[in-house]
Amino acid sequence: MNQSSHAPAVEQHAHRDDIGAKMGMWLFLFTELLLFGGMFLMYAYYRFQYPDQFKIAAMELSTSMGTLNTIILLTSSLTVAIAITALRKGNRFLALLNLFVTIVFALAFMVNKLFEWSAKISHGIYPGSEDILNKPNGEILFYGLYYVMTGLHGLHVIIGVVILSFMFVFIYKGSVNKDNFMKLENSGLYWHLVDLIWIFLFPLFYLIH
Amino acid sequence: MNEDKQNKENHEHITPYSTYVLVWLALIALTSITVTVSGIDFGMVALAIAMLIAAVKSSLVINIFMHIKFDEPIFKVFLMVSLFTLVIIFVLTFFDLVNR
């Protein structure tokens with residue numbers, strides 16, 4: 001009797017492969033790395049060709065806005081890491097709280113981006129605008145790369161918010177818990193990748209003087 | 001046996017909160033350094049310094065936040081292979097650009 005009620009639980013556990021799940025996540029992250037890697041390569045190539053025009057174009061970007069977003073994203077990486085440790089230690093409330101803070105930071109990042117982009121667009125700086133097309137080649141390329149790379153990164157932030165929100169619900173409902181935390185850990189890996197890419201985007205676009 | 005125990009510990013390694021906070025402080029400090037240094041005109045050296053600081057920051061994120069330091073060695077091998085691929089692509093492209 002006892003034996004039979006125990007068996008399904010054991011079987012269920014045997015079907016879970018945490019290392020395999022993590023390996024799959026890392027393989028996915030490498031495809032992301034190469035996706036952004038190709039864009040960084042394009043950036044490097046054109047910056048090498050038009051160093052002075054890149055410098056002039058980058059003057060338009062606000063260093064303080066970029067720095068603020070960097071701090072926001074680094075801190076959100078900290079809170080998601082704390083959420084994982086908290087869940088593994090069995091502190092569900094702290095995990096939920098930190099996950100919530102991470103989502104708020106992610107949204108704050110996007111709100112800043114929105115302000116930044118709308119200010120640029122109202123100044124007539126957007127791909128294909130008349131003001132842009134009258135500029136020299138290097139500056140057109142700089143803004144093209146700026147919009148594509150920070151845009152794709154922003155898309156990843158939005159996807160990250162969706163994933164982290166699902167994790168919040170899963171932890172709240174208990175399907176992601178102290179003994180089954182790999183989903184949260186993999187979501188954390190995704191979020192750290194978003195942070196990693198920004199670590200390189202920030203100096204390349206905002207810190208050219 | 002010893003290796004077995006080590007492996008088990010790796011599986012069950014939980015990074016303490018304090019480690020994460022220290023890494024975060026280091027990341028913020030490096031960010032303020034890179035912003036400050038960018039204000040000084042070093043020319044091409046400035047780009048090298050900015051990239052070096054970004055590399056240090058990413059190694060902190062990958063090793064501690066992403067837990068690579070405490071994971072199975074196979075994950076490090078994966079990471080090295082993909083970074084190496086990226087480096088080859090960059091080197092070959094620049095070889096072409098410089099010799100055009």
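Within every chain, numbering begins at 1; the chains are lettered A, B, ... in the order of the sequence lines, protein sequences first and strands thereafter.
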Which distance, rounded to the nearest 0.5 Å, do you find between the [atom1] of [X] and the [atom2] of [Y]?
X	Y	atom1	atom2	value
A:F48	B:L97	CZ	CG	5.0 Å
A:F54	B:L47	CZ	CG	11.5 Å
A:L73	B:T31	CG	OG1	10.5 Å
B:S58	A:L193	OG	CG	11.0 Å
A:I84	B:H67	CD1	NE2	8.5 Å
B:M66	A:W26	CE	CH2	4.0 Å

Residue part contacting chain B, namely of [X], when any heavy atom lies under 4.5 Å:
X	value
A:S77	both
A:I208	neither
A:L201	neither
A:T70	side chain
A:F40	both

Open item on the list: Applying side-chain contact (heavy atoms from CB on, under 4.5 Å) to B:W24 and A:I82, what does each step give before you reach the verdict?
Closed with: CA-CA 11 Å; B:W24 174 74; A:I82 286 178; over 6 Å; no
TODO: Using a cut-off of 6.0 Å, state whether more than 12 heavy atoms not belonging to A:F200 lie near its atom CZ.
DONE: yes
Task: Greater than 12 external heavy atoms within 6.0 Å of B:K69's NZ - done: no
- [ ] Over 60° means perpendicular and under 30° means parallel, so classify the ring planes of A:H192 and B:F65, tilted if in between.
- [x] parallel
TODO: Measure from NZ or CZ of A:K89 to the centre of the six-membered ring of B:Y17 and say whether it is under 6.0 Å with the direction within 45° of the ring axis.
DONE: yes
- [ ] With a 4.5 Å heavy-atom cut-off (strictly below), which parts of residues 152-164 of chain A touch chain B? List them by number.
- [x] none
TODO: Mind running side-chain contact (heavy atoms from CB on, under 4.5 Å) on B:T85 and A:F30 for me, showing each step along the way?
DONE: CA-CA 10 Å; B:T85 311; A:F30 295 146; over 6 Å; no
Is chain A contacted by the side chain of [X], its backbone, both, or neither, given a heavy-atom distance below 4.5 Å?
X	result
B:I68	side chain
B:V35	both
B:V98	side chain
B:I74	side chain

Max heavy-atom pair count under 4.5 Å with chain B, selected residue of [options]:
options	answer
A:L41, A:L196, A:I199	A:L41
A:T85, A:L27, A:D195, A:L29	A:T85
A:A44, A:G188, A:P51, A:G66	A:A44

TODO: Kindly say whether B:H13 contributes a backbone atom to a donor-acceptor pair with the side chain of A:R88 at under 3.5 angstrom?
DONE: yes
- [ ] Apply the test side-chain contact (heavy atoms from CB on, under 4.5 Å) to residues A:L33 and B:L83: give CA-CA distance (whole Å), side-chain angles for both, the deciding distance (0.1 Å), then the verdict.
- [x] CA-CA 9 Å; A:L33 194 71; B:L83 286 180; 4.0 Å; yes
Open item on the list: Going by the rule ring pair (Phe, Tyr, Trp, His ring centres under 6.0 Å), which residues pair with A:F166 if we only count those two or more places apart in sequence or in a different chain?
Closed with: none
